[in-house]
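Counting begins at 1 with the first residue of the sequence.
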Amino acid sequence: MPTPLTELIGVRHPVVQTGMGWVAGPRLVSATAEAGGLGILASATMSHDELAAAIAETKRRTDRPFGVNLRADAEDAARRVELLIREGVRVASFALAPRRELIAELKAAGVVVVPSVGAARHAEKVAAWGADAVIVQGGEGGGHTGGVATTVLLPSVVDAVDIPVVAAGGFFDGRGLAAALAYGAAGVAMGTRFLLTRESTVPDAVKRAYLERGLGDTVVTRKVDGLPHRVLRTELVDGLERSGRVGGLLRAVRNAARFRRLTGLSWRSMVREGLAMRGERSWAQVVMAANTPMLLRAGLVDGDTRAGVLASGQVVGLLDDLPSVAEVVESTVDQAAAILTRLAALPTP
């Protein structure tokens, strides 16, 4: 299914597997690439050496294009950019707005730059800086998300920029892909659907916990890291929602210490990253951001649904199976193609 996105990147299908922290590793990413989509490694929860090893493993598993998601505010962001260029990674995506100089360096080396945005004005800014495409996620999506539905946000971004737009938030099958293409998007990005596949390394017990949920079983909370975060509703999340400010900060400090030990970062490095990411955030929000990696790790890696936070899109309530990645990609594209063919056959006025 050729679109401006597939032509830009060199993949067969306009289906993107998002860079989910603790989830999007070499096995999932390479399976997506082999199925003809774009798989994106999640590097925010990896040290530089772990990222280098993950890229090498992904390249051993597939010779097809894949991407790496980067944090532009990370202290070693420039070093990671150099790694992507040296290893010939096809796509660099950014969860937060990348710095202008990082885009320039990546593009000069032939790397496709695809930031994620949450508003038309953000898309306009990164497009003016040279971004090759953007991913736009509506409020239905899991993890950090906004308050505007994809059906409203997507057309506003498509109208604002002349580069390919990838739609995210609320997509899980071919009907969504067909709808996104009708809106003017060049493809769709899916997270929860790929998390719930056989190649996903999320523990089976956690996958079952996702599959048991209904449409109303996600919630957007600010108690994880101070920003809107869509997660499964659990006893832990309900407890976080009831917790006071002081208790939340103490928990965040403890998790910051655990994350520092896990990644090998120094306290000085973590403080520098906190300063870089602060922007309009309060210091309390910066400290609370330390909650995110460890709370997600407890659920998505350790399999402790009582101690971990489980990021999820609203589509979780519509999913009841664990297909292979190839089955997800192929069924999405086949269903979308059938819908578009049927629509093209409708009589015109």
Side-chain angles (χ1 to χ4, degrees), residues 15-18 20-24 28 116 118 135-155 166-183 185 187-198 200 202-225 227-242 292 295-296 299-300 303-306 308-325 327-329 331-332 335-336 339:
V15 177
V16 178
Q17 163 254 302
T18 59
M20 299 165 281
W22 304 118
V23 176
L28 184 60
S116 293
I135 298 174
V136 54
Q137 177 176 303
E140 302 95 323
H144 290 122
T145 194
V148 180
T150 302
T151 50
V152 177
L153 183 58
L154 176 58
V166 180
F171 296 98
F172 66 99
D173 66 3
R175 292 172 295 182
L177 175 56
L181 295 175
Y183 271 111
V188 295
M190 301 185 290
T192 306
R193 176 65 281 183
F194 279 106
L195 184 153
L196 294 172
T197 58
R198 293 200 290 272
S200 166
V202 171
D204 289 342
V206 177
K207 291 179 183 178
R208 287 195 295 272
Y210 274 88
L211 293 174
E212 292 169 355
R213 300 310 175 105
L215 279 175
D217 288 339
T218 67
V219 61
V220 176
T221 179
R222 288 180 176 268
K223 289 299 186 74
V224 175
D225 62 3
L227 297 175
H229 203 114
R230 186 176 293 283
V231 298
L232 289 185
R233 187 185 297 276
T234 62
E235 289 185 16
L236 173 63
V237 171
D238 288 342
L240 291 174
E241 286 288 287
R242 294 191 299 268
T292 306
L295 289 177
L296 290 172
L300 298 173
D304 190 344
T305 57
R306 292 178 299 177
V309 168
L310 303 173
S312 176
Q314 286 184 312
V315 299
V316 69
L318 299 174
L319 304 178
D320 59 5
D321 60 349
L322 289 174
S324 69
V325 165
E327 288 168 344
V328 168
V329 175
S331 65
T332 297
Q335 185 182 27
I339 292 170

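No side-chain heavy atom of V329 sits under 4.5 Å from any side-chain heavy atom of T332. Counting only heavy atoms from C-beta outward, the side chains of R208 and L322 never approach each other to under 4.5 Å. Considering only heavy atoms from C-beta on, T150 stays 4.5 Å or farther from Y183 through its side chain. At a threshold of 4.5 Å between non-hydrogen side-chain atoms, the residues F171 and V315 do not count as touching. Between V325 and F194 there is a side-chain heavy-atom pair separated by less than 4.5 Å. Side-chain contact between V231 and L310 is absent, with no heavy atoms from C-beta onward closer than 4.5 Å. For the pair D217/V316, no side-chain contact is recorded, criterion being any heavy-atom separation below 4.5 Å from C-beta on. Side-chain contact check for H144 versus Q137: every heavy-atom pair is 4.5 Å or farther apart.
Ion pairing between a basic and an acidic side chain is recognised when a charged N comes within 4.0 Å of a carboxylate O; D321 and R193 show such pairing.
Atom-to-atom distance recorded for F172:CZ and L318:CG is 4.5 Å, nearest 0.5 angstrom. Atom CZ of residue R213 and atom CD of residue Q314 lie 14.0 Å apart, to the nearest 0.5 angstrom. Here the straight-line distance linking atom NZ of K207 with atom CG of L319 works out to 13.0 Å at 0.5 Å rounding. Atom-to-atom distance recorded for T18:OG1 and I135:CD1 is 8.0 Å, nearest 0.5 angstrom. The distance from atom CG of L195 to atom OG of S200, rounded to the nearest 0.5 Å, is 4.5 Å. Atom CE of residue M190 and atom CD of residue Q17 lie 9.5 Å apart, to the nearest 0.5 angstrom.
Minimum heavy-atom separation, S324 to R198: CB-NH2, 3.3 Å.
In this structure a side-chain-to-backbone donor-acceptor pair under 3.5 Å is missing from R233 to D238. Checked by atom type and distance alone, the side chain of Q335 pairs as donor or acceptor with a backbone atom of G174 at under 3.5 Å.
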> So T221 and E241, side chain to side chain donor-acceptor pair (under 3.5 Å) or not? Walk me through it.
Replying inline: CA-CA 7 Å; T221 179; E241 286 288 287; 2.3 Å; yes
